[in-house]
Protein chains: 2
Amino acid sequence: MSQKRSGIELDTSLGYLLKEASTALRLAMEEVLRPLGMTVTHYSCLELLAQRPGMSNSELARGAFVTRQSMNVLLQALERDGHVTRPAEAAVGKVLPARLTPRGRESLREASAAVRAVESRMLGGMSDGEQAEAFRLLQGMIRSLRDDSDGGHGSDGSDQSHGSDRKG
Amino acid sequence: MSQKRSGIELDTSLGYLLKEASTALRLAMEEVLRPLGMTVTHYSCLELLAQRPGMSNSELARGAFVTRQSMNVLLQALERDGHVTRPAEAAVGKVLPARLTPRGRESLREASAAVRAVESRMLGGMSDGEQAEAFRLLQGMIRSLRDDSDGGHGSDGSDQSHGSDRKG
DNA sequence: CACGGTATGTCAGACTCCTGACATGAGTCA
DNA sequence: TGACTCATGTCAGGAGTCTGACATACCGTG
């Protein structure tokens with residue numbers, strides 16, 4: 001290790017640090033998810049469905065922070081592999097509620113344990129009070145960013161597609 | 001707004017919230033950077049070079065949280081557009097130190113102002129003490145994630161390529 | 001009922017970024 | 001000096017995601 005420390009001292013920017021933390025978490029998750037043949041989005045989708053069965057494609061997309069087009073591609077693969085089922089036709093409207101199959105649930109079980117371990121490691125050195133404080137502060141940042149972003153709709157709906165789908 | 005509130009209540013996971021915050025920040029940055037014809041990585045590269053002239057491709061990659069392959073592509077475009085210069089040959093080793101051109105510096109100036117505005121908005125509702133606390137907590141998370149990740153090298157060098165390039 | 005606004009599912013093309021691999025240069029140690 | 005390790009720059013191929021576009025279905029208003 002003869003490297004001369006290529007570290008960057010953007011240590012003054014909270015935004016930079018936020019990205020750094022998020023990247024570190026993503027990498028750690030990818031590392032434990034890769035052996036299971038899963039991506040982070042993949043896992044997120046399954047986890048979302050486990051907690052909220054019947055979520056639609058668009059809802060899943062918002063929850064996993066991707067576009068609904070991307071989530072659609074993923075859902076099709078998940079359906080093909082038998083991890084998720086969707087009705088062939090919508091009962092009402094166009095919404096196709098997705099549900100985990102037993103196989104999908106099983107697949108999620110390992111992944112969920114792995115991811116929980118990562119999150120535990122991340123929070124290892126923090127007290128409960130610190131975790132609560134971190135939670136509060138992050139929520140504040142999110143709110144501040146969103147409140148003035150799309151024109152101040154005030155909702156906390158995490159809409160990813162910010163500009164596509166124009167009516168034309 | 002007849003939507004039934006598709007919000008997800010993963011409100012118990014700090015990891016999820018971290019990703020949410022990071023996504024919100026990225027979207028906000030893209031929003032202000034798009035009119036300037038810049039991506040976030042694009043901006044990061046310029047900002048890094050402004051603060052540390054002469055950084056190498058690999059160093060920039062680590063600093064912007066992408067692989068050195070991706071950064072190389074970006075640097076080539078930046079060179080082509082006259083925002084960055086690199087010597088044709090390495091003075092020592094293979095490292096090609098990159099530097100901003102006046103044009104690159106000018107381009108960065110607008111972007112930097114825009115990004116700073118976003119970051120200010122994000123921190124709008126936080127006191128100095130809260131910002132310092134957020135900083136400390138995020139650093140703790142990063143350290144915890146990295147300390148046990150690649151085998152515990154203990155350094156805070158942000159290495160992105162975690163497994164490629166094996167000697168084989 | 002007709003109409004505009006909004007949300008959804010989906011297809012197609014393009015793009016970004018990553019994985020994998022290779023060759024070269026520098027430092028370390030025997 | 002030679003072997004080994006580490007870091008870098010670069011090329012090729014592929015997986016994941018995004019932008020753009022279209023058709024359809026709900027909801028409110030007039």
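These numbers come from the heavy atoms of this one structure, side chains and all, not from hydrogens, waters or symmetry mates. Residue numbers start from 1 in every chain, and the chains themselves are labelled A, B, ... in the order their sequence lines are given, proteins ahead of strands.
Considering only the side chain of A/N57, C/dT10 comes nearest among C/dC11, C/dT10, D/dT10.
With rounding to whole Å, B/L96 atom CG is found 12 Å from C/dT24 atom C1'. For the pair B/E30 CD and D/dC18 P, the interatomic distance rounds to 9 Å; values are reported in whole Å. Following rounding to the nearest Å, A/E59 (CD) and C/dT8 (C1') show an atom-to-atom distance of 10 Å. Residue B/L60 contributes atom CG, which lies 9 Å from atom P of D/dG9 at whole-angstrom precision. Regarding B/R26, its CZ atom lies at a distance of 11 Å from the P atom of C/dC17, rounded to whole Å. Rounded to an integer number of Å, the gap from CZ of B/R68 to P of D/dA12 is 16 Å. Atoms CG (A/L27) and P (C/dC18) sit 9 Å apart, rounded to a whole Å. Rounded to an integer number of Å, the gap from NZ of A/K19 to C1' of C/dC17 is 12 Å.
Annotation: side chain to side chain donor-acceptor pair (under 3.5 Å) contacts involving residues 124-133 of chain B, sequence neighbours excluded, comprise A/R136-B/E130, B/E133-B/R136.
Under the 30°/60° scheme for interplanar angles, the aromatic rings of B/H83 and B/H42 are found to stand perpendicular.
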Taking only nitrogen or oxygen atoms into account, show me every contact under 3.5 Å that the protein makes with nucleotides 13-17 of chain D, one pair per line with its distance.
residue	atom	partner	partner atom	Å
D/dT17	OP1	A/T41	OG1	2.6

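The phosphate of D/dT10 has OP1 or OP2 within less than 4.0 Å of a side-chain N or O from B/N72.
Looking at B/T39 and B/E30, their side chains never come closer than 4.5 Å, going by heavy atoms from C-beta outward.
Of the charged side-chain nitrogens involved, none lies within less than 4.0 Å of a carboxylate oxygen, so that B/E106 and B/R103 do not count as a salt-bridged pair.
Residue side chain A/Q69 reaches the base of D/dG20 through a donor-acceptor N/O pair under 3.5 Å, judged by distance alone. In this model, a side-chain donor or acceptor of A/K94 finds a partner on the base of D/dA23 within 3.5 Å.
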Trace of the side-chain contact (heavy atoms from CB on, under 4.5 Å) decision for A/V84 with A/L100: CA-CA 5 Å; A/V84 162; A/L100 289 182; 4.1 Å; yes
